[in-house]
Protein chains: 2
Amino acid sequence: MSNKIVQKRLVTLQDVAREAGVSKATAARVLGSYGTASPEMKEKVLNAARVLGYQPNELARSMTTGRSRTIGVIVGDIENPYFGQAVRGISEVASAAGFDVILANSGEEVGREQAAVQVLLGKRVDGLIITPASMSDIQHLEAVQRSGRALVLLDRAIPKLKVDSVITDDKAAAALATRMLIEAGHRRIAYITATASDDPIYRGPQQISLTTVMDRINGFLAASAAVGIKHPEQYIRLGASRQGASGRIIADLLSMPHRPTAILASDNVVGLEVFKVIRNLGMSIPADLSLIAFHDADWTSVTSPPITVISQPVYNLGVESAQILIKRITGAVGAPKRLVLATELIERQSVGAPPAPQDDEKKVKSRPVAKAVAG
Amino acid sequence: MSNKIVQKRLVTLQDVAREAGVSKATAARVLGSYGTASPEMKEKVLNAARVLGYQPNELARSMTTGRSRTIGVIVGDIENPYFGQAVRGISEVASAAGFDVILANSGEEVGREQAAVQVLLGKRVDGLIITPASMSDIQHLEAVQRSGRALVLLDRAIPKLKVDSVITDDKAAAALATRMLIEAGHRRIAYITATASDDPIYRGPQQISLTTVMDRINGFLAASAAVGIKHPEQYIRLGASRQGASGRIIADLLSMPHRPTAILASDNVVGLEVFKVIRNLGMSIPADLSLIAFHDADWTSVTSPPITVISQPVYNLGVESAQILIKRITGAVGAPKRLVLATELIERQSVGAPPAPQDDEKKVKSRPVAKAVAG
DNA sequence: TTGACAAATGAGACCGGTCTCAAATAGCAT
DNA sequence: ATGCTATTTGAGACCGGTCTCATTTGTCAA
């Protein structure tokens, strides 16, 4: 990591002033569009600037004004189209309001998130929009607040932190999806999430570090309990992140003696993974297994069958959070807002009745699995 | 767009120096890790910094050093996973080398690209990685070079501009895909691209503003000509951008008297659009129509049938461009490099023989297609 | 004609760092 | 003890803007 950086000397305000034969202050007034200046002065200065190819140094500008007209955005994974859409929403609002956006990636790791916060605060962003990687490790977020910079949480809330947040109604959404599966006749429903965990088995809330995940699990459990399903939590699986463990987790789940007959996939990446595993196992959707996934990713509408999804207003999540942030930056005061956007269940064709008539719970004599696996 | 921005005064180097009872210069040496300082001084300063919660102002730092350790990236569309992957490649190389990334979106419009360049140069980025929206409108890129800042083009070259670029072998890739379709028996092959155009019909190279598009069309035409296909260009269609026109364009194409029997889709967004239209038309792939798409997007592997694609090393495109850029920033000199990465044809199941025995060109009596299609 | 006031302009401080340079101190050989 | 060099420290200029304040010029009413 060499440090030698070569950079040509650029045209400064002073240069322009000299060329135009006016003082630095006058040139600054014209070029910075503030204060007063006579038409002739403007003419001269603008001309000189054009001739020299002057370009203001925003760094210097920000340094004196104390504001950078820049907002920092930290997301879990830029590559995930989910965040891509949110970022587009943010960008559009920001640039319409004359703000620039600096984007950073946390890879869903608190450490990298902290580093990113440092960097962005160092660059003196006027505010931050963050998709926090954890709801417990939050000193760096408190530091943001202490520094007086605006902060908005996107997609995930942090109960302990009094801060504006824009989220979706995860609990309601999960409950709705669960009810839909229950109404189709399912009693053994699996819930699979990517949330990092050493242990794929769900043992309790203390394993979960994200409100989204917790809320969804709660919605799932509540809807299950409402119809008297016993131990719905036994089919919850964690850590189905990226290619790695997910295949095994899902395969294990499906080879249980009382295997689940439906799966709720907690995000589109997991959903895609689940879909592939199911297909590789030679099972068919929804005949053998029903599937509902979070996030209306583009792939979900072109599979056979297309997948029933919980569509999240993620573009609007971006828009709203940027609007709130910019209001704060420009002086809005008041208690932190928590904006909850509604989700929508888009019915497609991945939900059907559970496969065989099969005794549930108690005195079940499990019969041999009939399915042929094609390979 | 209000301008009032409230910001608490932050802890400065001067404050730390005062607290530690040393000079500003000494505090700066300790906190900036340069020059020399005795252990006791370090101790005192570090302690004071911790107590006050000091955080260096990178703006001020950049201003004096003249370098910001930041690189600007301008892509056509953040939301497109294609660019998402490239950006990840860039980010990883950049942060490993201690550089930050500022991301901007051009929406594939030259005007917005120019504005973004202004903004980023204003923020004094040390270098830029750009996916240029046009190969002809390039004054702003020449301005970047004149300013002495490093510049690397990603994915698309600009022949007139002497500048480092990292691209893929588009012509070869298109030719390979075309040959594959030809070998499967196709003679009427459509090429559909998203490139903006008022007129969806291809009339000549002057309509095309991107090397990628041009190269691919050339590869397509060359491979077609090589086996004596007459007027292959009649099936080229432009402007199939986003939801808008694409549906009509594709439907028109397929309702021609001698409709094409295969389609080459120029990127994954167009490919997805094509897939949906085909399905809505009730046609089946590959029985009625074969399809090959550029970019191995995730949806292509889960459709029925999965789509044969030209896989582009887009993550590596990002990695390589960032490496070249950083080398330039840190002083590397020499003629501009043009790095061409290889693509790969991933065969899946969307290519088959053309459908019905149907007279082709002149008096060819095409023989019945032997392949059985399982559906 | 003169005074009062508004508009235009310039001089220079300032933002928060880096970095040069000179002064102060320490270490060591003679 | 003395001189010489190496190390540590502080003072202050500088980066390129913004912005305050004083000065100059112009306008108009009394």
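The shown structure was predicted, so the numbers you read here are calculated from the model rather than taken from an experiment. Convention: sequence-line order gives letters A, B, ...; per-chain numbering from 1.
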- Query: For the atom pair CD (Gln114(B)) and CD1 (Ile138(B)), what is the distance rounded to the nearest 0.5 Å?
  - Reply: 11.0 Å
- Starting at CG of Leu339(A), measure out to CD1 of Ile324(A) and round the result to the nearest 0.5 Å. 5.0 Å
- Item | Distance (rounded to the nearest 0.5 Å) between Arg146(A) CZ and Leu10(B) CG | 12.5 Å
Only pairs under 3.5 Å count here: list side-chain donor-acceptor contacts from residues 20-38 of chain B, not counting sequence neighbours, and write none if there are none.
unit_1, atom_1, unit_2, atom_2, d
Ser23(B), OG, Ala25(B), N, 3.4
Ser23(B), OG, Thr26(B), N, 3.1
Ser23(B), OG, Thr26(B), OG1, 3.1
Ser38(B), OG, Met41(B), N, 3.4

N/O donor-acceptor pairs under 3.5 Å from side chains in residues 91-99 of chain B, not counting sequence neighbours:
unit_1, atom_1, unit_2, atom_2, d
Ser91(B), OG, Val87(B), O, 2.8
Glu92(B), OE1, Tyr315(B), OH, 2.6
Glu92(B), OE2, Arg88(B), NH1, 3.3
Ser95(B), OG, Ser91(B), O, 3.1

- Query: Are Ser147(B) and Arg149(B) close enough that a side-chain donor and a side-chain acceptor fall under 3.5 Å?
  - Reply: yes
- Message: For the CD1 atom of Ile102(B) and the OG atom of Ser68(B), what is their distance to the nearest 0.5 Å?
- Response: 7.0 Å
Only pairs under 3.5 Å count here: list side-chain donor-acceptor contacts from residues 151-163 of chain B, not counting sequence neighbours, and write none if there are none.
unit_1, atom_1, unit_2, atom_2, d
Asp155(B), OD1, Tyr82(B), OH, 2.7
Arg156(B), NH1, Glu108(B), OE1, 3.0
Arg156(B), NH1, Pro132(B), O, 2.8
Arg156(B), NH2, Glu108(B), OE2, 2.8

- Item | DNA chain C contacts made by residues 36-49 of chain A, counting heavy atoms under 4.0 Å | Thr36(A), Ala37(A), Ser38(A), Met41(A)
- Message: Could you work out how much the helix from dT1(C)-dA30(D) to dT30(C)-dA1(D) bends, comparing the axis of its first five pairs with that of its last five, to 10°?
- Response: 50°
- Task: To the nearest 0.5 Å, tell me how far Asp164(B) CG sits from Leu325(B) CG.
- Result: 8.5 Å
- Run the salt-bridge test on Arg69(B) and Asp100(B) with the 4.0 Å N-O cut-off and return the result as yes or no. no
- For nucleotides 16-21 of chain D, read 5' to 3', which letter fits each nucleotide if B means a protein heavy atom sits under 4.0 Å from the base, S means only the sugar-phosphate is that close, and - means neither? BBBB--
